[in-house]
2 protein chains.
Amino acid sequence: MRRLIEAKVESTLDATLGACRPVTTQMISEEEAHDVALVFHALSDPVRLRIFSIIAAEGEVCSCNLEVPVGKSQPTVSHHTRILAGAGLIAREKRGRWTYWRVIRARLDQVTGLLGE
Amino acid sequence: MRRLIEAKVESTLDATLGACRPVTTQMISEEEAHDVALVFHALSDPVRLRIFSIIAAEGEVCSCNLEVPVGKSQPTVSHHTRILAGAGLIAREKRGRWTYWRVIRARLDQVTGLLGE
DNA sequence: GCCTCAGATTGATATCCATCAATGTTAAGG
DNA sequence: CCTTAACATTGATGGATATCAATCTGAGGC
């Protein structure tokens with residue numbers, strides 16, 4: 001996947017008199033934009049950010065231990081973990097009656113790699 | 001600002017029998033979560049991602065050169081640049097009748113610093 | 001089999017958001 | 001001033017979303 005932030009190499013040298021020069025750089029494709037937007041959208045909600053930060057910090061957390069810290073109902077927490085998982089940011093593992101979550105580091109690295117280095 | 005992703009140092013050693021241990025790590029604050037969510041929300045739309053990638057790649061772009069590449073109307077482009085600017089990701093500079101945009105690298109670095117290293 | 005509990009799903013609701021037509025604003029050129 | 005051109009703002013609208021009560025599902029324990 002291309003870098004999202006990438007300095008342009010060849011600077012167009014037309015004089016730029018009385019008008020601004022048009023864009024010449026190839027931009028991110030629409031499919032790529034959709035995939036990346038999926039990840040950012042998953043992280044664009046304060047509650048999901050807090051859930052994600054807990055999972056990342058703890059290494060492994062079960063859903064039952066998320067409701068209290070974030071102060072949301074069980075269906076709401078389930079809704080948010082579902083979105084985070086759909087974006088490929090966390091992975092579910094069922095053990096007995098409990099559902100454990102952990103972050104998928106590779107997906108995170110993919111996004112940070114897109115933004116900068 | 002604290003790191004969003006931070007491995008826990010002290011692993012709680014209670015036996016975890018028949019139940020999952022509760023969360024012990026301090027999570028990201030609500031105000032912090034709101035600020036970070038603001039940035040991610042700005043990047044959570046495919047159109048905004050494309051606009052942002054163009055600005056980042058060109059170094060400097062005026063609004064009039066954004067409508068065609070992203071295929072949206074002038075008010076829509078204005079709406080999106082406003083949101084990106086509100087998140088602190090791009091900065092406006094007016095020269096004559098034109099509005100030029102450039103990315104604010106510091107804000108971007110702040111986000112990447114939060115995610116990984 | 002039955003009860004209990006963790007969590008997923010559904011339905012309803014209030015809010016937010018992306019989009020664009022229409023209009024307002026501001027700066028340059030005459 | 002008057003016109004034109006570049007943006008911003010407003011209003012309207014269709015679609016997405018965050019939230020939770022209620023309900024369904026599935027795994028243990030008895």
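Worth saying up front: this structure is predicted, and the values here are computed from it rather than measured. Proteins come first, then strands; the chains are lettered A, B, ... in the order of their sequence lines, and each starts at number 1.
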Legend entry - Shortest side-chain distance from B/Ser78, nucleotide among D/dA6, C/dC20, D/dA8: D/dA8
Inset, instruction - Among the candidates C/dA18, C/dA21, C/dT19, find the nucleotide nearest to the side-chain atoms of B/His41. - result: C/dA18
Inset, instruction - Look up atom CZ in B/Arg107 and atom OG1 in B/Thr112, then write down how far apart they are to the nearest 0.5 Å. - result: 11.5 Å
Legend entry - Any A/Thr99 side-chain N or O less than 4.0 Å from OP1/OP2 of C/dA8: yes
Legend entry - B/Asn65 CG to D/dA5 C1', straight-line distance once rounded to whole Å: 14 Å
Legend entry - B/His80, nearest nucleotide to its side chain (from D/dA8, C/dC20, C/dA18): C/dA18
Legend entry - N/O (side chain, A/Arg92) to phosphate O (OP1/OP2, C/dA8) under 4.0 Å: yes
Inset, instruction - Please confirm whether the backbone N or O of A/Pro75 pairs with a side-chain atom of A/His79, one donor and one acceptor, at under 3.5 Å? - result: no
Legend entry - Sugar-phosphate only, base, or nothing, as touched by B/Val77 at under 4.0 Å among non-hydrogen atoms: nothing
Legend entry - Polar pair under 3.5 Å, donor/acceptor by atom type, side chain A/Gln74, base C/dA6: no
Legend entry - Closest listed nucleotide, where the reference is the side chain of B/Ser63 and the choices are D/dC7, D/dA18, D/dG28: D/dC7
Inset, instruction - Nearest-nucleotide wise, let me know which of A/Arg82 and A/Arg97 is further upstream toward the 5' end of DNA chain C. - result: A/Arg97
Legend entry - Nucleotide D/dT19, atom C1' - distance to CD of A/Glu67 in whole Å: 14 Å
Inset, instruction - Among the candidates C/dG7, D/dA18, C/dA22, find the nucleotide nearest to the side-chain atoms of A/Arg48. - result: D/dA18
Legend entry - B/Ile83 CD1 - D/dA8 P separation (whole Å): 13 Å
Inset, instruction - For B/Arg48 and B/Ala42, indicate whether the former's side chain and the latter's backbone hold a donor-acceptor pair under 3.5 Å. - result: yes
Legend entry - B/Thr76, nearest nucleotide to its side chain (from C/dT19, D/dA8, C/dA18): C/dT19
Legend entry - Whole angstrom value for the distance that separates P of C/dA18 from CD1 of B/Ile51: 11 Å
Inset, instruction - Dump the intermediate steps for side chain to side chain contact (heavy atoms under 4.5 Å, CB included) on A/Ser63 and A/Trp98, then the final yes or no. - result: CA-CA 7 Å; A/Ser63 293; A/Trp98 294 279; over 6 Å; no
Inset, instruction - Measure from the side-chain heavy atoms of B/Cys62 and tell me the nearest of D/dC7, D/dA18, C/dT19. - result: D/dC7
Inset, instruction - Can you tell me the distance, in whole Å, between the CG atom of B/Leu43 and the C1' atom of C/dC17? - result: 16 Å
Legend entry - Expected output: side-chain B/Arg92 to main-chain B/Thr81 donor-acceptor under 3.5 Å: no
Inset, instruction - Send over the distance from B/Trp98 CH2 to C/dG29 P, rounded to a whole Å. - result: 8 Å
Legend entry - Gap between atoms NE2 and P, on B/His79 and D/dT9 respectively (whole Å): 12 Å
Legend entry - Given DNA chain D, 5'-ward residue of the pair B/Cys64 and A/Pro75, judged by closest heavy atom: B/Cys64
Inset, instruction - Please state how far atom CG in B/Asp45 lies from atom P in D/dA16, giving the value in whole angstrom units. - result: 13 Å
Legend entry - Presence of A/Lys94 side-chain N/O under 4.0 Å of D/dA27 phosphate oxygens OP1/OP2: no
Inset, instruction - Mind checking the CD-CD spacing from A/Glu67 to A/Gln74? Nearest 0.5 Å is all I need. - result: 5.5 Å
Inset, instruction - Check for a donor-acceptor pair, side chain of B/Arg50 on one end and backbone N or O of A/Ile28 on the other, with a separation under 3.5 Å. - result: yes
Inset, instruction - Determine: side-chain N/O of A/Lys72 to OP1/OP2 of D/dT19, distance under 4.0 Å, yes or no. - result: yes
Inset, instruction - Before giving the answer on side chain to side chain contact (heavy atoms under 4.5 Å, CB included), spell out for B/His41 and A/His41 the whole-Å C-alpha distance, their side-chain angles and the decisive distance to 0.1 Å. - result: CA-CA 6 Å; B/His41 171 258; A/His41 172 258; over 6 Å; no
Legend entry - Bend angle of the helix from C/dG1-D/dC30 to C/dG30-D/dC1, from helix axes over five pairs at each end, nearest 10°: 30°
